[in-house]
Amino acid sequence: MEVAAAATNPVIKVVCLCGSIRKASTNRGLIRFAIELSKESVEGMQIVYLDVSVLPMLNTDLEVDGTFPPVVEAFRRKVLEADSVLFASPEYNYSVSPPLKNAIDWGSRPPNCWGDKAAAILSASGGSHGWRSQMHLRQIGVSLNIHFINKPEFLLHGTAPPAKFDRSGNLTDPEVKEKVKEMLVSLRAFTLRLKESGSKYKTWQREKQREVVGAAAKPVINAVALSGSLRKGSVNRGLLRAAIDISKESVQDLQIEYLDISSLPMVNTDLEVGSTFPPVVEAFRKKIFEADSVIFVSPEYNYSVTAPLKNAIDWASRPPNCWADKAAAVVSAGGGFGGARSQYHLRQIGVFIDLHFINQPEFFLKAFAPPAKFDSDGNLIDSEAKEKLKQVLISLYAFSLRLKADC
């Protein structure tokens with residue numbers, strides 16, 4: 001009976017880090033309460049607090065022949081062995097704190113200890129409640145291949161009345177306590193989802209490589225693709241066409257359908273009658289809802305996404321949200337940074353609408369730097385860029401399967 005119970009209620013190992021090293025910190029109070037909860041009312045979680053104050057300031061001169069100082073080695077081993085991570089991140093000057101960034105950077109030294117882990121963030125702070133530190137941490141997570149849960153978000157104004165903490169920084173507010181519990185339950189569920197589906201996917205890959213008789217057929221993933229540029233000769237629309245061509249030739253179980261967003265009216269809730277939308281919007285929402293995953297081709301306009309793309313996103317986010325829980329990828333072509341800033345804004349939007357973006361590989365193409373990447377009609381002609389785009393599609397296919405758990 002005990003073996004059966006363990007199989008149906010597996011235990012996940014969570015490490016937690018706090019960006020504040022002050023003893024009475026409200027963020028440390030959140031961590032202490034999360035640990036108490038895991039022992040009392042959230043079954044299947046073992047949370048271990050990692051003290052980041054003992055780590056030396058990052059300095060690669062301290063690495064000798066592939067080894068780290070003993071305290072760093074011990075920290076990295078704990079992170080590597082964990083199934084998921086819980087960050088408590090106060091906001092320091094619109095970003096994460098130095099102790100937390102230092103710990104993150106030590107854990108990221110090759111080989112990266114954070115890769116492919118689920119994670120969640122708690123923040124208690126004044127003013128903005130810590131949301132800017134969370135968004136910065138999520139951007140860092142893209143580079144480290146951390147999969148943050150989207151819901152629920154936890155942002156607490158720690159000093160606003162009524163009092164949420166006692167003088168020692170211990171959490172006392174019952175409503176906030178319930179929100180911490182919801183966060184832990186969500187983190188556990190997402191961690192198990194990634195672990196179990198990842199194991200199934202690896203088994204399926206091995207069977208296919210060995211050509212095992214009776215191995216499951218490769219599932220088909222249906223993706224929809226949207227371009228933020230409406231111009232016919234746009235290089236970003238050229239990327240989208242190339243993605244469709246590549247999927248047909250080399251990633252055949254990823255079926256991509258292009259959705260033209262130019263016909264959507266500007267978002268206006270006066271156009272909603274009862275619970276219905278204009279016919280063109282209804283048709284668009286239906287396509288999004290039925291898809292397994294989404295490919296965004298996002299040029300950068302004024303450090304952000306374009307109006308047509310934001311308009312499409314907002315129409316499909318109207319209740320009920322059609323984007324929720326889908327895998328997604330984003331590619332960009334442009335000058336300067338190749339569209340990088342639009343991508344990070346899009347990823348922030350994705351948190352609210354509950355999209356799970358792949359982290360690796362990232363695709364930013366400097367479209368106008370020599371040698372030529374596109375022909376005069378905006379078609380992608382660069383072989384290296386085509387190969388990178390193929391890797392994005394392969395990654396999206398694999399992550400979509402893991403979220404669907406169909407492999």
Side-chain angles (χ1 to χ4, degrees), residues 10-17 19 45-48 50 52 55 58 60 63 66-68 72-89 96 100-121 134-150 186-206 293 327-331 340 343-344 347 350-351 355-364 388 390-403 405 407:
V11 174
I12 64 166
K13 298 177 181 178
V14 184
V15 290
C16 59
L17 292 72
M45 295 187 85
Q46 291 181 351
I47 303 180
V48 176
L50 300 187
V52 301
L55 298 174
L58 182 75
T60 55
E63 300 175 28
T67 63
F68 302 88
V72 176
E73 288 280 7
F75 170 78
R76 286 172 53 85
R77 186 175 64 254
K78 290 288 188 181
V79 173
L80 187 64
E81 292 173 350
D83 299 310
S84 55
V85 187
L86 179 63
F87 296 96
S89 183
V96 298
L100 183 57
K101 185 60 166 62
N102 189 56
I104 290 170
D105 291 348
W106 272 124
S108 73
R109 295 294 298 158
N112 173 26
C113 299
W114 307 103
D116 206 35
K117 297 187 189 299
I121 318 171
Q134 291 205 13
M135 288 303 172
H136 194 188
L137 184 52
R138 286 177 180 273
Q139 288 185 8
I140 294 168
V142 175
S143 174
L144 304 178
N145 196 25
I146 297 173
H147 305 294
F148 284 101
I149 64 172
N150 292 325
S186 179
L187 175 60
R188 182 178 185 275
F190 192 59
T191 302
L192 288 175
R193 188 177 176 190
L194 290 182
K195 282 189 65 177
E196 293 169 359
S197 60
S199 177
K200 290 178 182 178
Y201 184 68
K202 289 175 182 177
T203 299
W204 177 84
Q205 282 184 314
R206 287 194 297 267
S293 57
V330 54
V331 297
Q343 291 202 17
Y344 284 115
R347 287 177 181 273
V351 176
L355 281 171
H356 303 291
F357 281 96
I358 64 170
N359 293 321
Q360 307 296 333
E362 293 184 274
F363 187 103
F364 315 109
K388 289 181 180 178
K390 175 182 172 181
Q391 295 307 314
V392 170
L393 299 182
I394 291 172
S395 179
L396 176 62
Y397 176 78
F399 196 56
S400 300
L401 284 182
R402 291 181 65 182
L403 292 183
C407 51

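Hydrogens, waters and symmetry mates play no part in the numbers below; they use all other heavy atoms, side chains included. All values reported here derive from a predicted model rather than from experimental measurement.
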Nearest-0.5 Å distance that lies between atom [atom1] in [X] and atom [atom2] in [Y]:
{"X": "Ile146", "Y": "Leu137", "atom1": "CD1", "atom2": "CG", "answer": "7.0 Å"}
{"X": "Ser84", "Y": "Leu192", "atom1": "OG", "atom2": "CG", "answer": "8.5 Å"}
{"X": "Phe87", "Y": "Leu17", "atom1": "CZ", "atom2": "CG", "answer": "6.0 Å"}
{"X": "Lys117", "Y": "His147", "atom1": "NZ", "atom2": "NE2", "answer": "10.5 Å"}
{"X": "Ile121", "Y": "Gln134", "atom1": "CD1", "atom2": "CD", "answer": "4.5 Å"}
{"X": "Glu73", "Y": "Lys78", "atom1": "CD", "atom2": "NZ", "answer": "14.0 Å"}

| Ignoring hydrogens and geometry, is there a side-chain-to-backbone donor-acceptor pair from Gln343 to Phe364 under 3.5 Å? |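 No, Gln343 side chain to Phe364 backbone: no donor-acceptor pair under 3.5 Å.
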Less than 4.5 Å apart, side chain to side chain, heavy atoms only: is that true for [X] and [Y]?
{"X": "Val15", "Y": "Leu86", "result": "no"}
{"X": "Cys16", "Y": "Val48", "result": "no"}
{"X": "Val11", "Y": "Met45", "result": "no"}
{"X": "Arg347", "Y": "Asn359", "result": "yes"}
{"X": "Asn150", "Y": "Phe190", "result": "no"}
{"X": "Leu355", "Y": "Phe357", "result": "yes"}
{"X": "Gln46", "Y": "Ile12", "result": "no"}
{"X": "Pro361", "Y": "Ser395", "result": "yes"}

| request: Using a strict cut-off of less than 4.0 Å between a Lys/Arg side-chain nitrogen and an Asp/Glu carboxylate oxygen, indicate whether Arg402 and Asp116 qualify as a salt bridge. | output: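 Yes, charged N to carboxylate O under 4.0 Å.
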Specify the closest pair of heavy atoms between [X] and [Y], including all atoms of both residues, with the distance to one decimal.
{"X": "Ala120", "Y": "Ile149", "answer": "CB-CD1, 3.7 Å"}
{"X": "Ala88", "Y": "Leu100", "answer": "O-CD2, 4.4 Å"}
{"X": "Ser108", "Y": "Leu144", "answer": "CB-CD2, 3.4 Å"}
{"X": "Val96", "Y": "Ser89", "answer": "CG1-OG, 3.8 Å"}
{"X": "Ala329", "Y": "Ile358", "answer": "CB-CD1, 3.8 Å"}

| request: Take Asp105 and Arg109, measure what salt bridge (Lys or Arg N to Asp or Glu O under 4.0 Å) needs, and give me the verdict at the end. | output: CA-CA 7 Å; Asp105 291 348; Arg109 295 294 298 158; over 6 Å; no
| query | What class does the angle between the rings of Phe75 and Trp114 fall in, given that below 30° is parallel, 30 to 60° is tilted and above 60° is perpendicular? | reply | perpendicular
| said: Please determine whether salt bridge (Lys or Arg N to Asp or Glu O under 4.0 Å) holds for the pair Asp83 and Arg188, giving the CA-CA distance in whole Å, both sets of side-chain angles, and the decisive distance to 0.1 Å. | reply: CA-CA 9 Å; Asp83 299 310; Arg188 182 178 185 275; over 6 Å; no
| Taking the six-membered ring of Phe68 as reference, does the NZ or CZ atom of Arg76 fall below 6.0 Å from its centre and within a 45° cone about the axis? |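 Yes, a cation-pi geometry.
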| request: Test Ile140 against Ile104 for side-chain contact (heavy atoms from CB on, under 4.5 Å), laying out the working first. | output: CA-CA 9 Å; Ile140 294 168; Ile104 290 170; 3.9 Å; yes
| task | Only counting residues at least two apart or in another chain, list the ones meeting side chain to side chain donor-acceptor pair (under 3.5 Å) with Asn112. | result |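 If we apply the side chain to side chain donor-acceptor pair (under 3.5 Å) test to Asn112, skipping adjacent residues, there are no hits.
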